[in-house]
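The figures here come from the full heavy-atom set of this structure, side chains too, leaving out hydrogens, waters and symmetry mates. Note that the coordinates shown come from a computational prediction; the quantities given were computed from them, not determined experimentally. Throughout, a chain's letter reflects where its sequence line sits, starting with A, and its residues are numbered from 1.
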Amino acid sequence: MPELPEVETIRRRLEPDLVGQRVVAVRVNRPEIVGYPSVRTLVRQVTGRRITGLARRGKYLIVRLDDHQELIFHLRLSGALYLVNNSKTPPYERIQFRLASGNRLSLAEPRMLGRVYLVGGHEYPAVLAGMTKMGREPIEPGFTASYLAARLHGRKTKVKTLLLDQRICCGVGNIYSDEALFRAGVRPTRRAGSLTRAEIGRLARALRQVLKEGISWCGTTIADRRYVLPDGTSGGFQKYLRVFRRGGERCGRCGATIQRVRIGNRSSCYCPVCQK
DNA sequence: CTTGTGTCCTGTAGGC
DNA sequence: TGCCTACAGGACACAA
């Protein structure tokens, strides 16, 4: 599940090798990987284009082309982007972009949930509706306690659900929401509107910190997840996870048994002593 | 508008 | 050994 730190790591690693490169060929192994427009149109329009820049918005990776269109990648749960020599084929490769340098940008996605889109500016609302409704990223200066308080105010749903809502906390997924809640001392099951001002302040800070640490450790690579850097190496933040996927283990801070609960069809782990 | 539930997808782990 | 089921979860559709 590449979240903000993982996608940002991928963006930073790809940038020096992609910017300025020309795409000399595009090959699609699984047509369903192309979310928009058609395979045929995407191949025709991207072939021959030069890459002018890389950006990221939430969990989306944006590859800018010299005709002002953008290739947008979303890796969902198990997608990975590799940059390899053209002679190599990563496992589960679904689409490849061959570059003039002799390298290949390859999207691997075993579960076929990830997508690649080609859009011009005016097409965003229709093609990527979610992208136009995104809230602030916790690493932006505008992500303040006041912002978070306003978004949680009066909400009856569980706070964990709202941390995963991209309209509120853009770029946050299951790993970093569990970790931020632990650091803030707030249980994931709490009604969002019941949080005190102090708890919201701690939560805003924890989200900012945990995402920044995730970036500095090049993301989180764990078993049965496919996240790796474009050269196939692993991130390092998994060493610092305190509660995520650790239900049944002892809390490193207080020794209590970490609990695992299901919230909205996904699991969440927390320490019943450290988190109130 | 808010809230909760189901669906997509397929590799992996665990039970028997 | 091999079959079967549950599970992982980001985004979105849909119902109430």
Side-chain angles (χ1 to χ4, degrees), chain A residues 1-8 10 29-36 56-62 72-81 90-95 107-117 119 124-135 137-138 150-181 188-195 207 211 214 219-228 238 241 243-249 258 260-270:
Chain A
M1 68 204 77
E3 303 177 24
L4 189 155
E6 287 74 33
V7 181
E8 177 61 19
I10 291 168
N29 302 325
R30 283 284 294 267
E32 313 95 284
I33 203 72
V34 176
Y36 182 89
R56 179 192 56 74
R57 181 81 176 105
K59 302 170 192 172
Y60 291 89
L61 181 75
I62 302 165
I72 315 277
F73 293 89
H74 198 301
L75 303 176
R76 289 285 190 111
L77 304 181
S78 56
L81 278 166
Y92 304 104
E93 178 183 74
R94 309 308 192 188
I95 186 169
L107 172 59
E109 169 53 307
R111 293 188 198 170
M112 284 303 296
L113 291 168
R115 290 291 181 268
V116 58
Y117 309 86
V119 294
Y124 270 96
V127 178
L128 292 159
M131 212 165 161
T132 59
K133 296 174 187 165
M134 282 183 170
E137 300 189 357
R151 304 310 299 266
L152 302 188
H153 180 74
R155 298 293 299 265
K156 292 175 181 169
T157 197
K158 296 178 174 68
V159 61
K160 162 91 175 196
T161 302
L162 294 190
L163 295 189
L164 295 175
D165 188 333
Q166 301 303 294
R167 294 167 296 187
I168 296 174
C169 296
C170 181
V172 175
N174 216 19
I175 298 174
Y176 295 96
S177 57
D178 268 12
E179 293 300 308
L181 285 163
T189 49
R190 284 277 297 282
R191 300 280 161 187
S194 78
L195 267 63
L207 283 161
L211 290 179
T220 303
T221 299
I222 51 175
D224 97 336
R225 284 287 168 276
R226 304 270 167 182
Y227 166 71
V228 286
Q238 59 277 7
L241 298 176
V243 289
F244 178 75
R245 291 264 197 106
R246 300 187 79 148
E249 294 181 34
I258 295 170
R260 179 172 170 275
V261 291
R262 285 195 79 78
I263 299 173
N265 242 350
R266 68 205 45 173
S267 67
S268 202
C269 295
Y270 69 94

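Between the side chains of A/Glu6 and A/Tyr176, at least one donor-acceptor pair of N or O atoms lies under 3.5 Å.
The side chain to side chain contact (heavy atoms under 4.5 Å, CB included) test applied to A/Arg151 returns A/Tyr147, A/Ile168, not counting sequence neighbours. Remark: A/Arg111 engages A/Leu77, A/Ser78, A/Glu109, A/Leu113, A/Arg225 in a side chain to side chain contact (heavy atoms under 4.5 Å, CB included) (not counting sequence neighbours). Listed by chain and number, the residues in a side chain to side chain contact (heavy atoms under 4.5 Å, CB included) with A/Arg57 are A/Ile62, A/Met131, A/Met134, A/Glu137, A/Glu140, A/Cys170 (sequence neighbours excluded).
In this structure, A/Glu32 atom CD and B/dC8 atom C1' are separated by 12 Å, rounded to whole Å. Protein atom CE of A/Met112 is 16 Å distant from nucleotide atom C1' of B/dT7, rounded to whole Å. A straight line from CG of A/Leu75 to P of B/dC9 spans 18 Å, rounded to a whole angstrom.
Both A/Ala223 and A/Glu109 lie near DNA chain B, and the one whose nearest nucleotide falls closer to the 5' end is A/Glu109. Toward the 5′ end of DNA chain B lies the nearest nucleotide of A/Gly264, the other residue of the pair A/Tyr92 and A/Gly264 mapping further downstream.
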For this session: Dump the intermediate steps for side-chain contact (heavy atoms from CB on, under 4.5 Å) on A/Leu211 and A/Glu8, then the final yes or no.
Result: CA-CA 10 Å; A/Leu211 290 179; A/Glu8 177 61 19; over 6 Å; no
For this session: Take A/Gln238 and A/Ile175 through the test side-chain contact (heavy atoms from CB on, under 4.5 Å) and record every step on the way to the result.
Result: CA-CA 10 Å; A/Gln238 59 277 7; A/Ile175 298 174; over 6 Å; no
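Contact check for A/Leu75 versus A/Leu107: side-chain heavy atoms found under the 4.5 Å cut-off. The closest side-chain heavy-atom distance from A/Tyr36 to A/Leu128 is not below 4.5 Å.
Partner of A/Asn174 under the side-chain hydrogen bond (donor to acceptor under 3.5 Å, both in side chains) criterion, out of A/Glu3, A/Arg245, A/Lys160, A/Glu179: A/Lys160 alone.
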Problem set entry | nucleotides 9-16 of chain C: protein proximity per nucleotide (B base, S sugar-phosphate only, - neither; heavy atom, under 4.0 Å) | BBBS----
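Put simply, CZ on A/Arg115 and CE on A/Met112 are 5.0 Å apart, with the number rounded to the nearest 0.5 Å. Between the NZ atom in A/Lys133 and the CG atom in A/Asp165 there is a gap of 10.5 Å [rounded to 0.5 Å].
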Output one line per pair: protein atom, nucleotide atom from nucleotides 1-3 of chain B, and distance, for all N/O pairs under 3.5 Å.
unit_1, atom_1, unit_2, atom_2, d
B/dT3, OP1, A/Lys156, N, 2.6
B/dT3, OP2, A/Arg155, NE, 2.2
B/dT3, OP2, A/Arg155, NH2, 2.6

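Helix bend of the helix from B/dT2-C/dA16 to B/dC16-C/dG2: the angle between its two end axes, each built from five pairs, comes to 50° after rounding to 10°.
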